[in-house]
Amino acid sequence: MTTVDTRRAAPPRRVPAGRSPAGPVLAVLWAGAAAVVALWWTDTASVVGTAGRLTGAGRISGLLCGYACAVLVALMARVPLLENRIGSDRVARWHAMAGRYTVSLLVAHVVLILSGYAAQDQASLWHETVTVVLDYPEMLKATAGTVILFAVGVTSARAVRRRTSYEFWYYVHLLTYAAVYLAFGHQLAVGDEFNGKPVATAVWYALYLGAAGLVLWYRVLAPVRLNRRHRLRVESVHQESPGVYSVVVRGRNLDELGARPGQFFRWRFLGASLGWTSTPYSLSAPPRPDLLRITVKALGGHSAAVALLRPGTRVWAEGPYGSLTAERSTGHRSLLIAAGVGVTPLRALFETLPGEVTLLYRARSAEDLALGGELEAIARWRGARVLYALNGAHGERPSITAESLRATFPGLAGHDVYLCGPHGFARDVYEALRAAGVPDRRIHHESFEL
């Protein structure tokens, strides 16, 4: 069995954190939306009557929906600048928000434009709908795209996602590309803002081709290059605790990936019925030039099947992603707070973060402490501390509150806090840290729930 050496890697020198590009990126996105509204404004001479107001509102919502579709696709491209500087969790939230805006604008566009046309033609809404769908150019494809986009929106709702498998959600989500492709043609064919206006048409093409180019490069070509270059294969699989397994992956020249402790890759295990979905798992040890390691808890079909992987299985990886790294640190004292399998990225950081480091590990029982032996060895080697928050003898849960955190960690407000665990746990601890006086800029966490 191949393991990862936890004793020889020296903590790296601190790299000053750069300014996050989140603000400028959002400013550009909102400026684009304003430009879309300006496109309608300059093309509209006047708005008269109920039909004119409804049609005008429908045109505005349609243009904004088309713009949101391009943004939605661009946010699916996993651009390293966004994923590693802004953070995968924030990009995921942006993507989810863009999805909600897109579906809402789509509903508004359909209802308003059909109502405006019906009022203008003095026809029923049903008759106008049939006429538009069957007689207008590119509308059959646009209707199919609309149905698909609605389906993606429904399955992306949190209540629905909790009741479906990750694999089902993943494949339905990929249909977003088909929906955008089907709906694109009707924007130019029936949009008054583009008919006979080559500059506006060229800009719209550039917007969509740019988004498609990002997806092609970062989700297709870059992963192909990575995997052809590094030739990843499963080296070994071993159990860490009940239902938790570590997978060691061997490859060539892995130092060229630039992966850092705290980051994650998206993994496919080929030839093991696990190659159909791309699943994010964090590195649970500092990367080596020939080895990467992930640690996975069996929470679903994909993660449970990881325990059955055999040495030699081909691996397809995409990444590295994530900003939960030492570069986010602003001081010389760090507190890492982990729950369950959320300890995996923090275990890698526990070994490599410079300065004074303490790890607080929340688990149900001592048997559930994945990587506990490694954590103790690292603590002894570097003079760090590991504290455990385990359930009591009768199952009572320890309380992690602002008061208990301040009492346990003097000078808490001066710590950088790295937080990783289940969504509910991370939310509660985040609020407790804020109540304890830790500023937002010192609380570093990533959550992968959309």
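Everything numeric here is computed off the predicted structure, so don't read it as measured data. These values consider heavy atoms only, across backbone and side chains, with no hydrogens, waters or symmetry-generated copies.
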Inter-residue atom distance [X].[atom1] - [Y].[atom2], 0.5 Å rounding:
X	Y	atom1	atom2	value
S323	R90	OG	CZ	8.5 Å
N253	R231	CG	CZ	12.0 Å
L292	H230	CG	NE2	9.5 Å
R219	L214	CZ	CG	12.0 Å
Y177	C69	OH	SG	13.0 Å
T295	R293	OG1	CZ	4.5 Å

Worksheet entry | side-chain contact (heavy atoms from CB on, under 4.5 Å) between V190 and E138, worked out | CA-CA 8 Å; V190 301; E138 299 285 340; over 6 Å; no
Fill in: CZ/F168: more than 12 non-hydrogen atoms of other groups inside 6.0 Å
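Incorrect, the count does not exceed 12.
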Discussion item. Within a 6.0 Å radius of atom CD on E396, are there more than 12 heavy atoms belonging to other residues, nucleotides or ligands?
Written reply: yes
Worksheet item: Charged N to carboxylate O below 4.0 Å: is that the case for R347 and E351?
Response: yes
Between [X] and [Y], is there a donor-acceptor pair closer than 3.5 Å when you use the side chain of the first and the backbone of the second?
X	Y	answer
S104	Y101	no
R252	R229	yes
S61	G58	yes
K197	N195	yes
T408	L405	no
R78	Y218	no
T201	F194	yes

Discussion item. If you take the centroid of each ring, where Trp contributes its six-membered ring, are F184 and Y205 closer together than 6.0 Å?
Written reply: yes
Worksheet entry | Passing candidate, side-chain contact (heavy atoms from CB on, under 4.5 Å) with Y361, options L346, D368, V343 | V343
Item to complete: Determine, step by step, whether L82 and L75 satisfy the side-chain contact (heavy atoms from CB on, under 4.5 Å) criterion, reporting the C-alpha distance in whole Å, the side-chain angles of both residues, the deciding distance to 0.1 Å, and the verdict.
Response: CA-CA 9 Å; L82 302 181; L75 291 175; 4.3 Å; yes
State, to 0.1 Å, how close [X] and [Y] come at their nearest heavy-atom pair, and which atoms those are.
X	Y	value
S399	S404	O-OG, 3.4 Å
V237	L309	CG2-O, 3.8 Å
S282	T344	CB-OG1, 3.9 Å
L39	A200	CD1-CB, 4.0 Å
Q187	G66	OE1-CA, 3.7 Å
P287	A259	CG-O, 3.3 Å

Can you find a pair of side-chain heavy atoms, one from [X] and one from [Y], that are under 4.5 Å apart?
X	Y	value
D192	D43	yes
I113	T55	yes
W267	V306	no
I60	L64	yes
F264	P345	no
R250	R233	no
I337	R362	no
V107	F150	yes

Worksheet item: Between Y430 and V417, does a side-chain contact (heavy atoms from CB on, under 4.5 Å) hold up when you go through it step by step?
Response: CA-CA 9 Å; Y430 181 85; V417 182; over 6 Å; no
Discussion item. If you apply the rule side-chain contact (heavy atoms from CB on, under 4.5 Å), what do you find for C65 with T102, and how did you get there?
Written reply: CA-CA 5 Å; C65 181; T102 301; 4.1 Å; yes
Discussion item. Please verify the inter-ring angle class for H444 with Y418; under 30° counts as parallel, over 60° as perpendicular, anything in between as tilted.
Written reply: tilted
Worksheet item: Is the H173 ring parallel, tilted or perpendicular to the H95 ring (thresholds 30°, 60°)?
Response: perpendicular
